[in-house]
Protein chains: 2
Amino acid sequence: MSLRFALLGLLSDQSMSGYDLTKRFEQSMGNVWPARHSQIYPELNKLNKEGLIEIVAEGPRGRKEYRATEDGRAAVHHWLTEIPTEWSIRSEPMLRSFFLWMLSPEEARTYLRDYRTWFQQRLDGYNEIKQYWTPETEGEKASRVVLEAGVYQAEAAIAWANWALEQYGDTRDSDA
Amino acid sequence: MSLRFALLGLLSDQSMSGYDLTKRFEQSMGNVWPARHSQIYPELNKLNKEGLIEIVAEGPRGRKEYRATEDGRAAVHHWLTEIPTEWSIRSEPMLRSFFLWMLSPEEARTYLRDYRTWFQQRLDGYNEIKQYWTPETEGEKASRVVLEAGVYQAEAAIAWANWALEQYGDTRDSDA
DNA sequence: ACTAGACATGTACCGTATGACATGTCAGTA
DNA sequence: TACTGACATGTCATACGGTACATGTCTAGT
């Protein structure tokens with residue numbers, strides 16, 4: 001159910017095409033809820049048939065720009081306020097961490113360094129965006145708040161990785 | 001693919017039944033990779049047919065205790081070292097946060113307080129475990145390291161929620 | 001003797017998600 | 001003119017995941 005509300009929410013803020021939405025999912029949205037175009041396009045057609053979104057413009061190459069209808073925005077509101085949140089998350093990096101004991105210390109450290117590097121790059125990217133991006137729409141202002149969550153999470157992930165590296169006998173303190 | 005390696009990894013550390021594994025997923029494992037018994041039992045049968053796990057004991061009520069074979073452990077090692085990690089995670093709570101702008105400030109604050117409360121309870125639970133649980137197997141020692149990741153993440157989530165609450169005009173500093 | 005609850009395993013259906021296949025347009029450049 | 005790459009939308013087969021259905025056993029308490 002989450003994908004449809006993600007689309008509906010994005011289309012409540014700005015009108016966009018499936019292509020634009022796909023790019024959104026490749027960037028910001030994909031960090032918390034991944035989706036490919038093969039899932040997005042059919043869902044948009046469903047949403048359109050159900051009257052939750054409507055086509056506001058057509059462009060070159062069959063481009064169709066959608067926006068949420070009043071019903072669509074109401075559906076998001078209902079989801080946010082009435083449907084209980086699924087709190088548990090799905091994280092392969094953390095799942096893998098459960099099994100580091102099956103690796104040699106050096107292999108485990110390699111994994112933890114990769115882990116740290118990945119989050120460090122996220123963090124750098126987030127800070128970059130914070131510097132050069134000025135949110136305009138209401139949705140973008142809220143995205144700015146979520147971006148900050150990414151910063152907090154990334155910092156925590158890096159701090160944990162450093163702590164874990166010590167547990168696995170690491171001597172150095174940072175990498176690339 | 002992740003579920004099979006989760007099962008294989010757990011069964012590399014200790015022999016367990018599907019029922020035991022299901023309980024594991026309801027607790028620690030489920031925090032990072034949820035799975036129900038309806039998914040676990042068929043996967044165990046597949047793993048068994050493929051020779052990656054074997055039955056080591058049978059108990060009352062048709063209980064079957066499995067453990068990973070040498071091939072099974074090798075498969076986990078291969079996964080950990082050769083298969084690229086899927087870094088992106090799936091988090092409905094964060095997805096919802098993107099759309100807080102569609103709520104009234106009071107509704108948004110309610111959500112953020114629920115968010116904070118949930119992670120606070122996680123954190124309390126983790127600290128409880130840290131106090132009373134002494135890891136014994138290698139797998140449990142590694143789980144202890146992952147538990148610490150949960151602590152770091154929960155603390156970051158709470159800190160962010162407090163920051164976000166300020167953005168949404170909250171005056172108070174804590175709740176239940 | 002009965003009963004409730006934990007133990008224990010399984011299947012079936014339906015919706016979600018992925019990767020591959022498929023097709024075509026438009027703009028810029030060589 | 002030819003080519004490349006971004007733009008743009010779609011489908012299909014398969015696999016993954018969740019809810020509900022289905023069945024039966026064992027233990028402890030009443």
Side-chain angles (χ1 to χ4, degrees), chain A residues 1-8 10-11 15-27 29-50 53 55-66 79 83-92 95, chain B residues 1-8 10-11 15-27 29-50 53 55-66 79 83-92 95:
Chain A
M1 286 274 79
S2 295
L3 176 65
R4 67 169 22 215
F5 295 114
L7 297 173
L8 239 25
L10 287 168
L11 294 174
S15 63
M16 269 186 279
S17 68
Y19 188 80
D20 297 334
L21 287 160
T22 299
K23 280 190 302 180
R24 247 341 157 75
F25 276 87
E26 280 165 8
Q27 304 156 17
M29 214 48 126
N31 290 327
V32 299
W33 200 271
R36 313 300 172 90
H37 81 275
S38 59
Q39 210 186 343
I40 291 169
Y41 286 114
E43 191 66 37
L44 286 173
N45 286 324
K46 255 176 83 184
L47 253 14
N48 188 33
K49 276 198 198 81
E50 294 172 36
I53 60 174
I55 295 172
V56 289
E58 310 216 7
R61 283 158 292 204
R63 177 187 171 90
K64 285 176 284 185
E65 210 159 319
Y66 297 95
W79 174 62
I83 311 294
T85 303
E86 173 60 60
W87 295 103
S88 70
I89 64 157
R90 199 176 283 276
S91 163
E92 198 192 290
L95 176 64
Chain B
M1 286 274 77
S2 295
L3 176 65
R4 67 169 21 213
F5 295 113
L7 297 172
L8 239 24
L10 288 168
L11 294 174
S15 64
M16 270 185 278
S17 68
Y19 188 79
D20 297 334
L21 286 160
T22 300
K23 281 190 300 180
R24 246 342 157 74
F25 275 88
E26 281 166 7
Q27 303 156 17
M29 213 49 122
N31 290 326
V32 300
W33 200 270
R36 311 300 170 91
H37 81 276
S38 59
Q39 212 186 341
I40 292 169
Y41 286 114
E43 190 66 36
L44 286 173
N45 287 323
K46 255 176 83 184
L47 253 15
N48 187 33
K49 276 197 200 83
E50 294 172 34
I53 61 174
I55 295 173
V56 288
E58 310 215 7
R61 282 160 291 202
R63 176 187 171 90
K64 285 175 285 184
E65 211 158 316
Y66 298 96
W79 173 61
I83 311 293
T85 304
E86 173 59 60
W87 294 104
S88 70
I89 65 158
R90 199 177 284 275
S91 164
E92 197 191 291
L95 176 63

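As the structure is a prediction and not an experimental result, all values here were calculated from the model. Each chain gets a letter, A, B and so on, in the order its sequence line appears, and its residues count up from 1.
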Item to check | Closest approach of A:A35 to A:L3 (non-hydrogen atoms, all atoms of both residues) | outcome: CB-CD1, 3.8 Å
Checklist entry - Among all residues two or more places apart in sequence or in another chain, which pass the side-chain hydrogen bond (donor to acceptor under 3.5 Å, both in side chains) test with B:R63? => result B:S17, B:D20, B:E65
Checklist entry - Between A:F25 (CZ) and C:dT18 (P), how many Å, whole number? => result 11 Å
Checklist entry - OP1 or OP2 of D:dG18 sitting under 4.0 Å from any side-chain N/O of A:R90? => result yes
Next on the checklist: What contact category does B:T22 fall into here, base, sugar-phosphate, or nothing, at under 4.0 angstrom with non-hydrogen atoms?
Outcome noted: nothing
Checklist entry - With sequence neighbours left out, what residues match B:E58 under side-chain hydrogen bond (donor to acceptor under 3.5 Å, both in side chains)? => result none
Checklist entry - B:L21 CG to C:dG10 P: how many Å, rounded? => result 12 Å
Next on the checklist: Rounding to an integer number of Å, can you tell me how far B:Y41 OH sits from C:dT11 C1'?
Outcome noted: 13 Å
Item to check | Nearest-Å distance for atom pair CD/C1', residues B:E43 and D:dG18 | outcome: 15 Å
Item to check | Side-chain N,O (B:Y19) to OP1/OP2 (C:dT9) below 4.0 Å | outcome: no
Item to check | Qualifying side chain to side chain donor-acceptor pair (under 3.5 Å) pairs, either residue in residues 30-43 of chain A, two or more places apart | outcome: A:R4-A:E43, A:N31-A:R122
Checklist entry - Of all heavy-atom pairs between A:T85 and B:E92, which one has the smallest distance, and what is that distance? => result CA-OE2, 3.7 Å
Checklist entry - Excluding sequence neighbours, so at least two apart, what forms side-chain hydrogen bond (donor to acceptor under 3.5 Å, both in side chains) with A:N48? => result none
Next on the checklist: Between P on D:dC7 and CE on A:M16, what's the gap in Å once rounded to a whole number?
Outcome noted: 15 Å
Item to check | Whole-Å distance separating the NZ atom of B:K46 from the C1' atom of D:dG17 | outcome: 13 Å
Checklist entry - Rounded to whole angstroms, how far apart are CZ on B:R63 and P on D:dC26? => result 13 Å
Item to check | Chi angles and distances behind the side chain to side chain contact (heavy atoms under 4.5 Å, CB included) call for B:L7, B:I53 | outcome: CA-CA 9 Å; B:L7 297 172; B:I53 61 174; over 6 Å; no
Checklist outcome for this item: Which of D:dA8, C:dT16, C:dT9 is nearest the side chain of B:K64? It is C:dT9
Item to check | Nearest-angstrom distance from the residue atom CD of A:E58 to C1' of C:dC26 | outcome: 17 Å
Protein and nucleotides 23-25 of chain D: nitrogen or oxygen contacts under 3.5 angstrom:
none

Checklist entry - So which of residues 32-40 of chain A are in contact with DNA chain C, with a heavy-atom cut-off of under 4.0 Å? => result A:W33, A:R36, A:S38, A:Q39
Checklist entry - Base, sugar-phosphate, or nothing for A:S2, non-hydrogen atoms under 4.0 angstrom? => result nothing
Item to check | Set of residues satisfying side-chain hydrogen bond (donor to acceptor under 3.5 Å, both in side chains) with respect to A:E86, sequence neighbours excluded | outcome: A:S88
Checklist entry - Residues in ring-ring contact (aromatic ring centres under 6.0 Å, His included) with B:F5, at least two apart? => result B:W79
